[in-house]
Amino acid sequence: MCRMFGIVTTKSQSIAPWMTGVEPSLRSLAIADKSGEPNPDGWGVAWYDDGQDCPHVVKDPRPAYESPLFEQTVREVSARVALAHVRRSSGTSPELANTHPFVAGRWSFCHNGYCSRERLIEHLLPKFRNSLEGENDSEVYFALLLQHLESVADPLDALRGAVHEVMSVGDFTGLNFLLCDGQCMYAFHYSTDPERHSMYLQHQSGRELVASEPLGTGSWEELPNGSLAVLTPTGHTLASLI
C-alpha cells in the first residue's frame, strides 16, 4: 500500500523524529501499517538544501527496517523540504529503479496506490516515455504529471489535467502523491478506497507536515478525498482536483 511523509519548514531541521523517533514512525509503518501489513519493498528519501535547485535522493530496495543505510540517512538529513517513502509493491520487483522517490530536474515525487502503467504509457510523448528507467506504474504517473507541468503554466491546472487524464484511462485504485519542486509541496489524496490510501496534514509554527498515517502525537487533519494541499513553510491551502 506504501506510506509517505513530507515536511516543509522555514529553516532546516532533522527528519529523524518522524522516521524513527516517534511511534508510529515511518520505519514502524514499514514493519506494519494500519492494515497490519508491511511495506517491505524499499524506501527512499529526497531533500533539498537551501538554495539548491535539484534534490538529493537516497534509495534502497531493501526494507527500511533491515537497511543500515536507512538509519544512517535519516540521522544525517537536515533540510527545509523533504519527502520520504516506504514501498509495498503492486507487482513489480523491489529494484532500485522501481524505488520511490523519483526525481527529474527540480521535481521529486512519490506515490501511494495503483494505476495502469500499460495504458498510461500510451499517453506519454516520446521525450517522457524515453526517460523511464523502471517498470512500475508510479514512474509513468510521475512522467505524465511532468508532461502536463511542462505544457501548462499554472501548476494547479497542470496537475488537475494530469489527474483527469489518469482517471479517464481507468484501471486505478489510489492516485495519492507527494510532489515537490524544492519550494513547496503538492500533496494529493484520491482513491477508490480513501481509508486505505489515506492522507493527513499537521500544521505547526513554521512547519507543515503530511503523512499517509498520523506519525507520533499531535493533531492531524485528514485531507479530503479528491483534494490537493499546497504546503509552504507558513501554511497550506486546499484545492479540488476532481
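None of the values given here were measured: they were computed from a predicted structure.
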ask   = Taking the inter-plane angle between the rings of His203 and His236 on a 0 to 90° scale, is it parallel (under 30°), tilted (30 to 60°) or perpendicular (over 60°)?
value =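 Plane angle over 60°, so perpendicular.
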
Side chains of [X] and [Y], heavy atoms from C-beta outward: is any pair under 4.5 Å?
X      : Y      : result
Ile7   : Val81  : no
Val45  : Trp43  : yes
Asp193 : Thr173 : no
Phe177 : Leu228 : yes
Val210 : Tyr200 : no
Thr99  : Asp60  : no
Arg160 : His148 : no
Glu150 : Leu125 : no

Identify the heavy atoms of [X] and [Y] that sit nearest to each other, and give their distance.
X      : Y      : answer
Ala162 : Leu145 : CB-CD2, 3.5 Å
Ala229 : Leu201 : CB-CD1, 3.9 Å
Ser78  : Asp49  : O-OD1, 4.5 Å
Phe128 : Ser131 : O-OG, 2.7 Å
Ala30  : Val86  : CB-CG1, 3.9 Å
Gly226 : Ile242 : CA-CG1, 3.5 Å

Group every Ile, Leu, Val, Met, Phe, Trp and Tyr by side-chain heavy-atom contacts under 4.5 Å, then state whether [X] and [Y] land in the same group.
X      : Y      : result
Val163 : Leu146 : yes
Leu231 : Trp18  : no
Val152 : Leu156 : no
Val230 : Tyr190 : yes
Leu209 : Val74  : yes

ask   = According to the side-chain hydrogen bond (donor to acceptor under 3.5 Å, both in side chains) rule, which pairs have a member within residues 2-15, sequence neighbours left out?
value =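 Passing the test, one end in residues 2-15: Arg3-Asn112, Arg3-Glu213, Gln13-Arg207.
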
Within residues 216-232 or reaching into it, pairs that qualify as side-chain hydrogen bond (donor to acceptor under 3.5 Å, both in side chains) - sequence neighbours excluded =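 Of all non-adjacent pairs touching residues 216-232, those that pass side-chain hydrogen bond (donor to acceptor under 3.5 Å, both in side chains) are Thr232-Thr234.
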
query = Checking salt bridge (Lys or Arg N to Asp or Glu O under 4.0 Å) for the pair Arg117/Glu135: CA distance, chi angles, key distance, verdict?
reply = CA-CA 8 Å; Arg117 173 185 170 87; Glu135 57 183 9; over 6 Å; no

Looking only at side chains, do [X] and [Y] share a donor and an acceptor under 3.5 Å apart?
X      : Y     : answer
Ser198 : Lys34 : yes
Glu37  : Ser35 : no
Arg87  : Thr92 : yes

message = Check this for me, if you would: do Asp33 and Arg88 make a salt bridge, where the nitrogen-to-carboxylate-oxygen distance has to be below 4.0 angstrom?
response =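 Yes, this pair counts.
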
task = Could you walk me through whether Glu23 and Ser28 pass the side chain to side chain contact (heavy atoms under 4.5 Å, CB included) test, one step at a time?
result = CA-CA 7 Å; Glu23 286 298 328; Ser28 71; 3.5 Å; yes

ask   = Just by modelled atom types, is the Glu165 backbone N or O under 3.5 Å from a matching donor or acceptor in the Ser168 side chain?
value =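 Confirmed, Ser168 side chain pairs with Glu165 backbone.
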
query = So, the side chain of Asp137 versus the backbone of Val140: is there a donor-acceptor pair under 3.5 Å, distance only?
reply =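 Flag not set: sc Asp137 to bb Val140 has no pair under 3.5 Å.
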
key: Verdict with reasoning, Glu122 to Arg129, per salt bridge (Lys or Arg N to Asp or Glu O under 4.0 Å)   = CA-CA 9 Å; Glu122 297 176 358; Arg129 188 183 307 120; over 6 Å; no

message = Show, in sequence, the C-alpha distance, side-chain angles and deciding distance for Leu215 and Leu29, and conclude whether the side chain to side chain contact (heavy atoms under 4.5 Å, CB included) test is met.
response = CA-CA 9 Å; Leu215 301 179; Leu29 295 184; 3.7 Å; yes

ask   = Which is it for Leu83 and Met4 under the side chain to side chain contact (heavy atoms under 4.5 Å, CB included) test, yes or no, and what are the steps along the way?
value = CA-CA 7 Å; Leu83 55 84; Met4 305 184 292; over 6 Å; no

key: side chain to side chain contact (heavy atoms under 4.5 Å, CB included) assessment of Phe188 paired with Tyr186   = CA-CA 6 Å; Phe188 180 56; Tyr186 302 91; over 6 Å; no

Could you tabulate the donor-acceptor pairs under 3.5 Å formed by side-chain atoms of residues 101-111, not counting sequence neighbours?
from, atom 1, to, atom 2, distance (Å)
Ser108, OG, Tyr48, OH, 3.0
His111, ND1, Ser138, OG, 2.8
His111, NE2, Gly174, O, 3.0

